[in-house]
Number of protein chains: 2
Amino acid sequence: MDRVDVDGPCDQGCPIKKTALIIEGKWTTLVIRELLSGKKRYSHLHRALQGISPKVLSSRLRMLEEKKLISRTVFATVPVTTEYQLTELGLKLQPVLLAMAEFGSQWQQH
Amino acid sequence: MDRVDVDGPCDQGCPIKKTALIIEGKWTTLVIRELLSGKKRYSHLHRALQGISPKVLSSRLRMLEEKKLISRTVFATVPVTTEYQLTELGLKLQPVLLAMAEFGSQWQQH
DNA sequence: GGACATAACTATACTAAAGGAAGTAGTTAC
DNA sequence: GTAACTACTTCCTTTAGTATAGTTATGTCC
């Protein structure tokens, strides 16, 4: 049997929920934040996001790539390097991150 | 022993990270979305957010209350009812949710 | 006066996701 | 041949989230 309407009243396709499904995981917004300032390599991201495990980093990158928010380019350098970059679609997350930054800077820990 | 500086280069007090720490858990943004349209009771939230477990709902509400983003008022009705409402501080999350809604409505599932 | 209902939870058992340590593959420098 | 570098993967433990049953304090129904 199909699950027909699992969501609440205003939830069929609620746009906030759609976005939440992307960014709700740990580290996701910080990966995107790093990429807002331009293309970055795996090792740069790993160093910049101190504390992230390679497992979580690569799974986040794969998830964002699947959702067409970032692109992955491999270069045949020695050793090979990989560059990640926000797509046009991914760049549309910038206002979300900016709003988060605005809130965060107003918010003194209580 | 104290953990002294776990964060990366630009991370000591990165405002995006601060906001991410609040909203990164599952359901958190949807709880806030419900409260944006005014004060709500526990049972309303539970019905509106179909699929949320009472354990997660109450832990989210307690977390948001601790962080002074929502307030909790108990009424001596029969049976007692509880109302949750965004504080002035919590209302400042509105632009974040609006940006998320804007992105979500542009984003057709791939 | 015992059964049932309601609101707002808490408790318990289980599963999925995240974290930490270590290892892998290909290549080049020493 | 050994070490180093990049970009990962694998294995195992810990934490987060799900599903559902139970609790407390009333009050109504019969």
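So that the names make sense, note that chain A is the first sequence line, chain B the second, and so on, each numbered from 1. Predicted, not measured: the structure shown is a model, and the values here were computed from it.
- Partners of A/S58 according to the side-chain hydrogen bond (donor to acceptor under 3.5 Å, both in side chains) rule, which considers only residues two or more places apart in sequence or in another chain, do not exist here.
- Contacts of B/F75 with the nucleic acid, taken as non-hydrogen atoms under 4.0 Å apart, are absent.
- Within the structure, every side-chain polar atom (N or O) of B/Y84 is placed at least 4.0 Å from both OP1 and OP2 of C/dA7.
- Listed by chain and residue number, nothing satisfies the side-chain hydrogen bond (donor to acceptor under 3.5 Å, both in side chains) test with B/E24 (two or more places apart in sequence, or in another chain).
- Between A/H46 and A/P54, the closest side-chain pair of non-hydrogen atoms falls below 4.5 Å.
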Strictly under 3.5 Å: I want the nitrogen or oxygen pairs between protein and nucleotides 26-28 of chain C, one per line.
none

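- One finds no side-chain N or O of A/S43 lying less than 4.0 angstrom from the OP1 or OP2 phosphate oxygen of D/dC5.
- Evaluation of the side-chain hydrogen bond (donor to acceptor under 3.5 Å, both in side chains) rule for B/R72 yields B/Y84 as partners, not counting sequence neighbours.
- By the side-chain hydrogen bond (donor to acceptor under 3.5 Å, both in side chains) test, A/K26 is found to be paired with no residue, residues two or more places apart in sequence or in another chain being considered.
- For B/L98, the side chain to side chain contact (heavy atoms under 4.5 Å, CB included) partners two or more places apart in sequence, or in a different chain, are B/Q94.
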Heteroatom pairs (N/O) under 3.5 angstrom, protein to nucleotides 11-18 of chain D:
from: D/dG17; atom 1: OP1; to: B/K26; atom 2: N; distance (Å): 3.2
from: D/dG17; atom 1: OP1; to: B/R60; atom 2: NH2; distance (Å): 3.0
from: D/dG17; atom 1: OP2; to: B/R60; atom 2: NH2; distance (Å): 2.8
from: D/dT18; atom 1: OP1; to: B/K26; atom 2: NZ; distance (Å): 3.2
from: D/dT18; atom 1: OP1; to: B/W27; atom 2: NE1; distance (Å): 3.4
from: D/dT18; atom 1: OP2; to: B/W27; atom 2: NE1; distance (Å): 3.2
from: D/dT18; atom 1: O4; to: B/K55; atom 2: NZ; distance (Å): 3.0

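- For the pair A/R41 and D/dC8, the criterion of a side-chain N or O lying under 4.0 Å from OP1 or OP2 is not met.
- Qualifying side chain to side chain contact (heavy atoms under 4.5 Å, CB included) partners for B/K39, counting only residues two or more places apart in sequence or in other chains: B/E83, B/Q85.
- For the pair B/R62 and C/dT10, the criterion of a side-chain N or O lying under 4.0 Å from OP1 or OP2 is met.
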Enumerate donor-acceptor pairs with a distance under 3.5 Å from any side-chain N or O in residues 73-80 of chain A to protein atoms, sequence neighbours excluded.
from: A/T77; atom 1: OG1; to: A/P79; atom 2: O; distance (Å): 2.7
from: A/T77; atom 1: OG1; to: A/T81; atom 2: N; distance (Å): 3.2
from: A/T77; atom 1: OG1; to: A/T81; atom 2: OG1; distance (Å): 3.1

